[in-house]
2 protein chains.
Amino acid sequence: MNQKDQVCQYKLMASRDALEVIQGKWRIPIIIALTHGTKRFGEIQRDISDISPKMLSQELKALEMNKIVKRTLHDTMPVTTEYSLTPLGESMTNLLNEILNWGLHFREEVLKRDN
Amino acid sequence: MNQKDQVCQYKLMASRDALEVIQGKWRIPIIIALTHGTKRFGEIQRDISDISPKMLSQELKALEMNKIVKRTLHDTMPVTTEYSLTPLGESMTNLLNEILNWGLHFREEVLKRDN
DNA sequence: GTAACTACTTACCCAGAGGTAACTACTATA
DNA sequence: TATAGTAGTTACCTCTGGGTAAGTAGTTAC
């Protein structure tokens with residue numbers, strides 16, 4: 001295996017680690033919603049209007065396990081739950097921005113011309 | 001809807017466009033393999049050792065339709081096929097780099113401590 | 001007392017993502 | 001003649017991501 005191939009293998013490994021966390025229809029949208037500050041369950045649901053409570057609950061749990069999202073219970077009446085990004089979640093800012101930039105670029109380059 | 005919400009909705013839309021293209025287990029790895037230059041079918045298959053010819057063929061077709069990848073047939077004997085990134089595919093460089101960076105960061109922060 | 005809001009959970013279902021294995025068709029080499 | 005390499009295709013199967021709908025448990029407002 002030459003050096004170029006080794007670099008390629010290294011990159012492929014790193015991308016797989018990242019993909020395992022951000023894979024799926026809802027994780028990136030949920031993280032984006034939380035970059036705008038701490039939010040409650042219902043607020044996220046309103047932001048991402050077509051997510052079901054089941055999927056939101058499930059994906060929030062997965063993100064919590066991966067230490068991307070932090071869940072805080074408040075002893076108010078009634079009990080409220082708040083979700084926020086951990087430092088690891090906040091470290092995704094650059095990644096999220098590039099996804100957004102490229103999404104806009106893609107829309108301009110390809111999607112427009114199809115319509 | 002206040003201004004903050006509008007920005008959030010705008011971002012969510014852009015991320016969905018991008019996600020539709022990069023969604024799935026194999027697309028990002030295939031694009032990464034092609035950032036190292038034009039490659040043939042078998043070369044990509046060797047780089048990504050656990051992809052089946054079926055999935056590689058299928059995902060390359062999808063990437064071609066989205067104008068990320070270009071397929072070139074060479075009239076040699078036997079016929080050879082070459083795959084390369086289009087300018088739109090090359091415009092993903094920053095996005096790919098951020099995925100790699102974050103993947104490495106994530107491995108350091110979380111995966112290590114689990115072992 | 002009943003309707004509505006909070007934050008979920010549970011049960012059920014289905015399409016499609018992805019895996020495996022075998023097959024095609026052509027060329028080159030031993 | 002047979003084995004290996006080129007670049008895929010096809011058939012079949014399984015599993016799970018995600019959708020829908022309804023239920024739960026507590027609080028508050030009318």
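By convention in this document, chain letters (A, B, ...) are assigned in the order of the sequence lines, proteins followed by strands, and residues within each chain are numbered from 1.
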Item to check | B/Lys39 NZ to D/dG8 P, straight-line distance once rounded to whole Å | outcome: 16 Å
Checklist entry - To the nearest 0.5 Å, how far apart are CG in B/Asn101 and CD in A/Glu98? => result 10.5 Å
Item to check | Separation of D/dG8 C1' from B/Ile44 CD1 (nearest whole Å) | outcome: 12 Å
Item to check | Between P of D/dT16 and CD of A/Glu59, the distance in whole Å | outcome: 15 Å
Checklist outcome for this item: When rounded to whole Å, the CD1 to P distance for the pair A/Ile30 and D/dG17 reads 14 Å
Item to check | A/Ser57 side chain vs A/Lys54 backbone, donor-acceptor pair below 3.5 Å | outcome: no
Item to check | B/Glu90, CD atom: more than 12 neighbouring heavy atoms under 6.0 Å | outcome: yes
Next on the checklist: Could you tell me how far apart B/Leu19 (CG) and D/dG17 (P) are, to the nearest whole angstrom?
Outcome noted: 16 Å
Next on the checklist: As a quick check of understanding, evaluate salt bridge (charged side-chain N to carboxylate O under 4.0 Å, His left out) for B/Asp50 and A/Arg16, giving each step before the final call.
Outcome noted: CA-CA 12 Å; B/Asp50 51 352; A/Arg16 292 236 186 160; 2.8 Å; yes
Checklist entry - Quick one: B/Met55 CE to D/dC13 C1', roughly how many Å, whole number? => result 15 Å
Next on the checklist: Please check if the number of heavy atoms outside A/Met65 that lie under 6.0 Å from its CE is greater than 12.
Outcome noted: no
Next on the checklist: Ignoring hydrogens, what is the shortest heavy-atom contact between B/Ser91 and A/Trp102? Give both atom names and the distance.
Outcome noted: OG-NE1, 3.0 Å
Next on the checklist: For B/His36, is there any backbone N or O sitting under 3.5 Å from a side-chain donor or acceptor partner on A/Lys4?
Outcome noted: yes
Item to check | Spacing between B/Asp50 atom CG and C/dA17 atom C1', to the nearest angstrom | outcome: 15 Å
Is there any protein nitrogen or oxygen under 3.5 Å from a nitrogen or oxygen in nucleotides 4-9 of chain C, and what are the pairs?
from	atom 1	to	atom 2	distance (Å)
C/dA7	OP2	A/Gly42	N	3.3
C/dC8	OP1	A/Arg71	NH2	2.3
C/dC8	OP2	A/Thr81	OG1	3.3
C/dC8	OP2	A/Tyr83	OH	2.8
C/dT9	OP1	A/Lys61	NZ	3.1
C/dT9	OP2	A/Ser57	OG	2.4
C/dT9	OP2	A/Lys61	NZ	3.2

Item to check | Integer-rounded Å distance: C/dG18 C1' and B/Gln23 CD | outcome: 14 Å
Checklist entry - Any ion pair linking B/Asp47 and B/Lys39 (charged N to carboxylate O, less than 4.0 Å)? => result yes
Next on the checklist: My validator wants the stems of DNA chain D: runs of 3 or more consecutive Watson-Crick or G-U pairs, both distances under 3.5 Å, written as range with range.
Outcome noted: C:1-30 with D:1-30
Next on the checklist: Checking B/Glu82 against B/Arg40 for the salt bridge (charged side-chain N to carboxylate O under 4.0 Å, His left out) test, could you report, in this order, the C-alpha distance in whole Å, the side-chain angles of both residues, the deciding distance, and whether it holds?
Outcome noted: CA-CA 5 Å; B/Glu82 281 192 338; B/Arg40 283 183 297 162; 5.8 Å; no
